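All remarks here apply to the structure that follows.
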Amino acid sequence: MMTRFTLTPRKTATLACLLGLGFGTGFGTIQANAAETAQAASYTKLELTASGSVQAPPDQLAASFRAESRSNSAAAAQKAVNTQVSKAAEQAKQANGVKYAISHYSVSEMRDDKAKNAVWTASQDLTFTAPDGEALLPLTGQLQANGLILEGLDWSLSPDKQKALQLEAEKAAVTDLKKQADTLAATLGLHVVRFERISLSGSPYPRPIFMAAMARSSMDAAPAPSSTAETQTVHASVTATVLLAP
């Protein structure tokens, strides 16, 4: 069964109007795009690179330790390490503002051709962090005296502060980019139309290490370590293609 539609003069006119409008809109868009492409081809293109940086004091101090024990018995070596780590964790809980993380644990056997018995070594890593050294540095001295090996003591920026400073550095880089573009355009007798492409990137900030590993035997009567919070610098760079016109 076929359904027939009858177009009245009014419907025919309406359809023609709609078709004409759609065609006209599409054609107009094509014309606009072509005109824009032609105009863009006439622009002078300028490739620029700019940079920005901000400085701030670090807000995080980290102390890295290793608990280690050797014995002819694997169980004895592990028991000694477990005792050290447990005691260190309890001490950290008593220190105001100090956080700790207990990580990699390893046990290994060493044999010497001349030795009758094997020597077992057990070790585990610990990291303690705090926003300053007021509580962490005294704790670090206590942990050294208790037999833990200090492997590193360094200042850094916390993730939140680093993110905020990175954004400030990027803003400074973009400001420098715009200043360069305006200055060079004026020198050429042109003006900035727009920035066609912009690419931002950041560079790693330094994390100075103030102290290397220290032997346990020398820490019995030694004072707590000291560390100076040096200013950190966060960098950012930006590259862009600038379109210039008279």
Side-chain angles (χ1 to χ4, degrees), residues 17-64 97 99 101 127 129-134 136 152-212 227-246:
C17 182
L18 290 173
L19 290 174
L21 179 60
F23 177 78
T25 302
F27 184 70
T29 301
I30 294 174
Q31 285 183 315
N33 291 339
E36 184 177 353
T37 301
Q39 186 178 22
S42 67
Y43 293 148
T44 297
K45 292 187 176 182
L46 181 65
E47 302 290 338
L48 290 179
T49 299
S51 61
S53 63
V54 291
Q55 293 185 324
D59 62 339
Q60 182 171 274
L61 177 62
S64 303
K99 298 180 180 180
T127 303
T129 58
D132 54 51
E134 184 175 348
L136 183 56
L153 184 64
D154 66 298
W155 287 94
S156 64
L157 298 171
S158 64
D160 288 342
K161 188 168 185 178
Q162 182 188 355
K163 184 177 180 179
L165 291 175
Q166 188 66 49
L167 180 59
E168 290 299 318
E170 291 172 354
K171 288 168 61 178
V174 171
T175 299
D176 182 40
L177 178 72
K178 188 176 184 305
K179 182 178 180 180
Q180 285 190 48
D182 291 336
T183 300
L184 294 176
T187 303
L188 294 169
L190 303 172
H191 74 277
V192 175
V193 177
R194 69 172 185 271
F195 293 90
E196 190 174 45
R197 282 188 298 271
I198 297 179
S199 177
L200 284 165
S201 62
S203 59
Y205 60 91
R207 297 185 60 183
I209 297 177
F210 296 92
M211 186 174 295
S227 181
T228 302
E230 296 186 358
T231 299
Q232 305 281 306
T233 303
V234 178
H235 301 275
S237 62
V238 57
T239 58
T241 300
V242 189
L243 301 184
L244 308 178

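Computed from a predicted model, the values in this text were never measured in an experiment. We're numbering straight along the sequence, starting at 1.
- Considering every non-hydrogen atom in both A130 and L136, the closest pair reads CB-CB, 3.9 Å.
- The shortest non-hydrogen separation linking P57 to L157 is O-CD2, 3.8 Å.
- In this structure, K178 places its NZ atom where only 12 or fewer heavy-atom neighbours from other residues, nucleotides or ligands lie under 6.0 Å away.
- Taking A173 as the reference, V238 meet the side-chain contact (heavy atoms from CB on, under 4.5 Å) condition, with sequence neighbours excluded.
- Closest approach of L244 and A185 over heavy atoms only: CD2-CB, 3.8 Å.
- Of all the heavy atoms in G133 and L61, the pair that sits closest is CA-CD2, 3.7 Å.
- Judged by distance alone, the side chain of Q166 and the main-chain N or O of H235 form a donor-acceptor pair under 3.5 Å.
- Across all non-hydrogen atoms, the minimal contact from A240 to L177 is CB-CD2, 3.7 Å.
- Listed by chain and residue number, Y43, H191, V193 satisfy the side-chain contact (heavy atoms from CB on, under 4.5 Å) test with A245 (two or more places apart in sequence, or in another chain).
- At a threshold of 4.5 Å between non-hydrogen side-chain atoms, the residues L243 and K45 count as touching.
- Side-chain contact between S64 and T127 is present, with heavy atoms from C-beta onward closer than 4.5 Å.
- A distance of 10.0 Å separates CD in Q60 from CG in D160, rounded to the nearest 0.5 Å.
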Return a table of donor-acceptor pairs under 3.5 angstrom between the side chains of residues 47-54 and protein atoms on other chains or two or more places apart.
residue, atom, partner, partner atom, Å
E47, OE1, T241, OG1, 3.0
E47, OE2, T241, OG1, 3.0

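- Within the 4.5 Å cutoff, no side-chain heavy atoms of V192 are placed close to those of L46.
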